[in-house]
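A note on names: the letters A, B, ... follow the listed sequences, proteins ahead of strands, and every chain is numbered from 1.
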Amino acid sequence: MPELPEVETVVRLIRPRLAERRIESCDVRWERTLGGIDRGSFARAVVGSRITRVWRRAKFFVADLERAGRSNGALVGHLRMTGRVHVEPREFDPGPYVKVSLALDDGRVMHFIDVRKFGRLWYAAHSDEQLGGLGIEPLDDAFTGEWLFRALRSRRRLVKPLLLDQTFIAGLGNIYVDESLHRAGIHPLARSDRITRVRAGRLRDEIRATLTEAIEREGSSFDVFYRTPEGNPGGYQDEFKVYGREGQPCPTCGRAIERIVVAQRGTHVCRRCQRR
DNA sequence: ATCCTATCCTGGCTGC
DNA sequence: TGCAGCCAGGATAGGA
């Protein structure tokens, strides 16, 4: 599923194709993708705008807009589970699952494609409408071991659901939480307020290493859904140590990886390497 | 404060 | 081969 590394990959690939482009028209095939406004309002808001900057926050991608020389809010997107973004020539066939298409002034078209319809492409007068409640960005300098230690201690929750909570740390999803916890030797059912300073520091380092390595590999593609905007799969799924490896040996100790359910999420864990 | 369940969706898989 | 039923999963709302 698209998490921080996948969205970062998407942003890096679409940025050069969107920056400085003007939106000339739009075609909305599934209105609910717009997240609450009707297609007419959406079109009035975005058509005629120029995209000034493309960036990422957590699992959101953002395209800042400007019209008549003045800031005009932003397009804010979330791929949820099966969303994809393509920026392609007019002749490109986006397939049956395209939800919103934005025609650009260089002849290309940005397509928002989504099989399961959970993804969203909002127009926001201010991007904080979607981004305001998010927690710390795990690749920011402010995300230190000491910060994480204190933050974990200030809550009394199971560590995995807490790491998935986007108001706590923004950008991690099921895959990278399982991988980071394994690399840090922490059991997903560990209580957040019982994690020591040393182990919190280790967890911070492993979260950052996991995300950084995944970005280098252009994300993870373990099923048919996630592809880069150029249609290529990512490569990080080959590095998974626990995710999707139930019954297979732990790369560290050889014990069979177990699959349990934590917070209604499939959770992959090595009982020998990960301590509660 | 925290946890649990349902909801949104549909392709793909399992089992008969 | 066909089909019913279940599952995955990010985020959120509402209830316990």
Relative to the ring of A/Phe60, is the ring of A/His78 parallel (under 30°), tilted (30 to 60°) or perpendicular (over 60°)? perpendicular
Parallel, tilted or perpendicular: ring planes of A/Tyr236 versus A/Tyr176, cut at 30 and 60 degrees: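 It falls in the tilted class, 30° to 60°.
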Is it true that a side-chain atom of [X] and a backbone atom of [Y] form a donor plus acceptor pair closer than 3.5 Å?
| X | Y | value |
| --- | --- | --- |
| A/Arg120 | A/Arg80 | no |
| A/Arg22 | A/Asp106 | no |
| A/Arg276 | A/His187 | no |
| A/Arg208 | A/Asp140 | yes |
| A/Glu206 | A/Leu181 | no |
| A/Arg108 | A/Glu88 | no |

So, taking the atom named CZ in A/Phe112 and the one named OG1 in A/Thr33, what distance separates them when rounded to the nearest 0.5 Å?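 Reported to 0.5 Å precision, the distance equals 6.0 Å.
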Does the side-chain ring of A/Phe118 sit on the six-membered ring of the C/dG9 base, less than 5.5 Å centre to centre and under 30° in tilt? no
[X] side-chain N/O to [N] phosphate OP1/OP2 under 4.0 Å:
| X | N | result |
| --- | --- | --- |
| A/Tyr243 | C/dG9 | yes |
| A/His78 | C/dA11 | yes |
| A/Arg120 | C/dG10 | no |
| A/Lys59 | C/dG10 | no |

Under 4.0 Å from any atom of DNA chain C, heavy atoms only: list the residues of residues 129-139 of chain A that qualify, in numerical order. none
Close N/O contacts between protein and nucleotides 2-4 of chain B (under 3.5 Å):
from  : atom 1 : to       : atom 2 : distance (Å)
B/dT2 : OP1    : A/Arg156 : N      : 2.6
B/dC3 : OP2    : A/Arg157 : NE     : 3.0

Are A/Ile186 and A/Leu162 grouped together when hydrophobic residues (ILVMFWY) are joined by side-chain heavy atoms under 4.5 angstrom apart?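 Same cluster: A/Ile186 reaches A/Leu162 through Ile, Leu, Val, Met, Phe, Trp or Tyr contacts under 4.5 Å.
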Residues A/Asp114, A/Lys99: salt bridge by 4.0 Å N-O rule: no
Using a cut-off of under 3.5 Å, enumerate the N/O to N/O pairs linking the protein to nucleotides 14-16 of chain C.
none

Report the C-alpha distance between A/Lys241 and A/Asp178 in whole Å, list the side-chain angles of each, state the deciding distance to 0.1 Å, and finish with yes or no for salt bridge (Lys or Arg N to Asp or Glu O under 4.0 Å). CA-CA 9 Å; A/Lys241 293 181 168 61; A/Asp178 279 7; over 6 Å; no
Any side chain to side chain donor-acceptor pair (under 3.5 Å) involving residues 188-201 of chain A? Give me the pairs, sequence neighbours left out, ordered by first then second residue.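 For residues 188-201 of chain A, and leaving out neighbouring residues, the side chain to side chain donor-acceptor pair (under 3.5 Å) pairs sorted by first residue read A/Glu146-A/Arg197, A/Arg191-A/Asp193.
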Applying side chain to side chain donor-acceptor pair (under 3.5 Å), which residue pairs with at least one partner in residues 252-265 of chain A are found, sequence neighbours left out? A/Glu258-A/Arg271
Dot-bracket line, read 5' to 3' along DNA chain B, where crossing pairs take [ ] and | marks a partner on another strand, Watson-Crick or G-U under 3.5 Å: .|||||||||||||||
Across the strands shown, which category fits A/Tyr97 at heavy-atom distances under 4.0 angstrom: base, sugar-phosphate, nothing?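 If one applies the 4.0 Å heavy-atom cut-off, A/Tyr97 turns out to touch the sugar-phosphate alone, with no base involved.
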Name the nucleic acid region contacted by A/Arg265, choosing base, sugar-phosphate or nothing; use a 4.0 angstrom heavy-atom cut-off, strictly under.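 Answer is base: heavy atoms of A/Arg265 come under 4.0 Å of a base.
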Minimum-distance nucleotide (side-chain atoms of A/Arg80 versus C/dG10, C/dG9, B/dC9):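 Of C/dG10, C/dG9, B/dC9, C/dG10 is nearest to the side chain of A/Arg80.
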Rounded to the nearest angstrom, tell me the gap between atom CZ in A/Arg84 and atom P in B/dT10. 17 Å
